[in-house]
There are 2 protein chains.
Amino acid sequence: MNLKQLSHMLSLSQTTVSRALNGYPEVNEETRRRVMDAAKRHGYRPNPSARRLATGKSGMIGYVLPTGAAVDIDPHFVEFLSGLGDYARAHELDLVLSPADADDEETTYRRIVANRQVDAVYLSSPRPADKRLALVNTLGIPFLVHGRSEGFDFDYPYLDIDNEGAFHEASRLLIQLGHKRLALINGNDRETFAIHRERGMRRALAASGLTLGERHIRSVAMTEENGYRAARRLLEEDERPTAIVCSSLIMALGVVRAVRDLGLAIPGDLSLVAHDDVFPWLRPENFPVPLSTTRSSIRLAGARVAERLAARISGLEEGARGEVWPVDLVVRGSVAGAPV
Amino acid sequence: MNLKQLSHMLSLSQTTVSRALNGYPEVNEETRRRVMDAAKRHGYRPNPSARRLATGKSGMIGYVLPTGAAVDIDPHFVEFLSGLGDYARAHELDLVLSPADADDEETTYRRIVANRQVDAVYLSSPRPADKRLALVNTLGIPFLVHGRSEGFDFDYPYLDIDNEGAFHEASRLLIQLGHKRLALINGNDRETFAIHRERGMRRALAASGLTLGERHIRSVAMTEENGYRAARRLLEEDERPTAIVCSSLIMALGVVRAVRDLGLAIPGDLSLVAHDDVFPWLRPENFPVPLSTTRSSIRLAGARVAERLAARISGLEEGARGEVWPVDLVVRGSVAGAPV
DNA sequence: AGAGGCTTCCAAAGCGCTTTGGCTATTTTG
DNA sequence: CAAAATAGCCAAAGCGCTTTGGAAGCCTCT
């Protein structure tokens, strides 16, 4: 059933039927009802390929997926996807993943824009002065950044959590508990979120006249193994830290293992706080010692990104609105006063 | 730059240019070269929307993503995606994720097929007599199943690992080490992979005159917490098992925690084997006691699925070919002889 | 020399939608 | 009451490709 058949069957022109269906004003309300009715009754669905060719709109949102033998997709991605899907489903928005060589994402961005494959894209894990962001901004396709970049002379729309505030609060708590030697096990410090977290922590320390020594900060890919290694190096020092703030639950697994291996105890010898993106399959309250966390559901963020993207596509949202979500600090058994 | 301009510039018809570019035989080789040349020089890329409208082919593969508040996307998915992307990138194949209500995926399948949004789809986590499989089979779109189903009167193309063989081997090893009370912490036993794993284990036990008691098998969603709970229940019994085989590394984390909480030791009191899908961020060799595993890279599977899907789209692969990959049994410190 | 067969190309007709420009009534306005 | 505005509809022209159904030119064969 296509438009031609439908319009013929209604003794109307394709123009009128098309307009009736798409809510244009220049059609009599009664005619519109007739058309709508017939369309529903016959299960008419406009052919998206044809519509796309005519309008240039695809009804899909895009994401360029960096791939390559050395590239690991962040496990957070799947949770984010869940959220995105939750919203997108209700609006029949599909998501197109365009795999790209991690060393040359530009080609792919250019391709999907030139081909008008998607109506909007979102970027994640931005770095300061991220090239992708500049590119997508000049290409003129609607976009939204999950996270933030820095160092541009233009503004852009984004959704981020208050990483700096979160780690500031976590650090402040630890300091108030008497800790003086804090350490940070961070994610890749070329990504903005990691920079913000470090900044938050330094700010809290500075406020109490403390500092974060070079040796007390590790910046690594967020795997269990890296968490372990980082923790061991930190804890085997002479003046070992009495509190660690850690950028992910997965790394925290490694930290816990290291603490055990060294015969230390949480929170007796070491207080630990980690950031929790809220995975259904790994929960901080189920750590050997329930883990204090800075918590923010990445899944909710995914849903919100989809929502805003949809709004941008339909023109409801414009401009460079930035949105920063507060982060909960959830205190559980893994923090205590500094050992004497 | 579109076809019209290009052909005009070459003083050829659109027909000829189109044919030259698409490798049709009825065009002079020299003309073809001229055309190819000009196309490359001017960076001509056929508009996919137009091509799609004309041919019905989209150059994308599809996946219906079950979503909903109660639905958690499997973290394995992202690794699978990595692999898929590795292959797809080289072939400019995009992946479209169509979110669907987990309780009604059928509508979405019908939509993407009716709309010809994708050239092929893949299904994952199939169950016995999975409705999606039957649906997709009748809808007539090329497809590939990652995993296997059972109980159909038709064959279908799939890629699966030898789950039964893997758990058979793991169990056999444990039995040979003198274990008599084995337990299984499995995934959702409505999914085929879990059924196969249980079958493999039972087969190994039966071969030695042993059985798997009802109380010695747990079937749960694969989270750390569920692993913990299942292990506790198993280990708090009077006649507790001396060996556990576990369907995922994430659950194994919980098992390890439970063992610790109960004051037991691995492998002294309990031998443990888990299935490892090979995550970059959680490796069995880094468990407190290095974990023995049945190992199969889900990432490689993703790449292979993409490859076969591409072959199916282009007609290079046909019929209902099933492909079953062997699974490695990797022995590490977590298994030992049965306690006396 | 004429019939038949290749080779190489083309004009035009789709694919199924949206949108432009225009046309005919009907209503409003000065 | 004539002129202007408005409401409601339509034919046709795209969107940029692929593909059908020739057609022209040149060989080959009998």
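What's counted below: heavy atoms across the whole structure, side chains too, no hydrogens, waters or symmetry copies.
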Under a 4.0 Å heavy-atom cut-off, which of residues 1-12 of chain B touch DNA chain D? N2(B), L3(B)
Nearest-nucleotide comparison on DNA chain D, the residue closer to the 5′ end among R19(B) and L53(B): L53(B)
Can a donor-acceptor pair be found between the side chains of N22(A) and R51(A) at a distance below 3.5 Å? yes
For T67(A) and R89(B), test the side chains for any donor-to-acceptor distance below 3.5 angstrom and give the result as yes or no. yes
Heavy-atom closest pair (A69(A) atom, R299(B) atom, distance to 0.1 Å) is O-NH2, 3.9 Å
So which heavy atom on F152(A) is nearest to which on D130(A), and how close? CZ-O, 3.1 Å
Every protein N/O lying under 3.5 Å from an N/O of nucleotides 24-28 of chain D:
none

Rounding to 10 degrees, work out the angle separating the end axes of the helix from dA1(C)-dT30(D) to dG30(C)-dC1(D) (five pairs an end). 50°
Contacting residues from residues 21-40 of chain B, given that a heavy atom lies under 4.0 angstrom of DNA chain D: N22(B), Y24(B)
I'd like to know if the side chain of S18(B) pairs up with that of T15(B) as donor and acceptor (distance under 3.5 Å, no hydrogens or angles considered). no
Reading DNA chain C 5' to 3', which nucleotide is the first, and which the last, to come under 4.0 Å of any heavy atom in chain A? dG16(C) to dG21(C)
Got more than 12 heavy atoms from elsewhere within 6.0 Å of CZ, R111(B)? yes
Where at least one partner belongs to residues 7-53 of chain A, residue pairs that pass ring pair (Phe, Tyr, Trp, His ring centres under 6.0 Å), sequence neighbours excluded: none
For the ring pair (Phe, Tyr, Trp, His ring centres under 6.0 Å) test, which of F193(A), W325(A), Y63(A), F80(A) pairs with H146(A)? F80(A)
Minimal non-hydrogen separation, Q117(B) against M60(A), with atom names: OE1-CE, 4.1 Å
Mapping A54(A) and T15(A) onto DNA chain D by nearest heavy atom, which one lands closer to the 5' end? T15(A)
May I ask you to decide if H76(A)'s main-chain N or O and D74(A)'s side chain share a donor-acceptor pair within less than 3.5 Å? yes
From CA spacing to verdict: salt bridge (Lys or Arg N to Asp or Glu O under 4.0 Å), R148(B), E323(B): CA-CA 10 Å; R148(B) 254 177 291 180; E323(B) 189 173 327; over 6 Å; no
G23(A) versus R32(A), closest heavy-atom pair with distance: CA-NH1, 3.2 Å
Smallest heavy-atom separation, G68(A) atom then D86(B) atom, equals N-OD1, 3.2 Å
Residues E106(A), R110(A); criterion salt bridge (Lys or Arg N to Asp or Glu O under 4.0 Å); working and verdict: CA-CA 6 Å; E106(A) 176 166 346; R110(A) 288 190 181 281; 3.0 Å; yes
Looking only at heavy atoms, the pair that brings S125(A) and R132(A) closest together is O-NH2, 3.3 Å
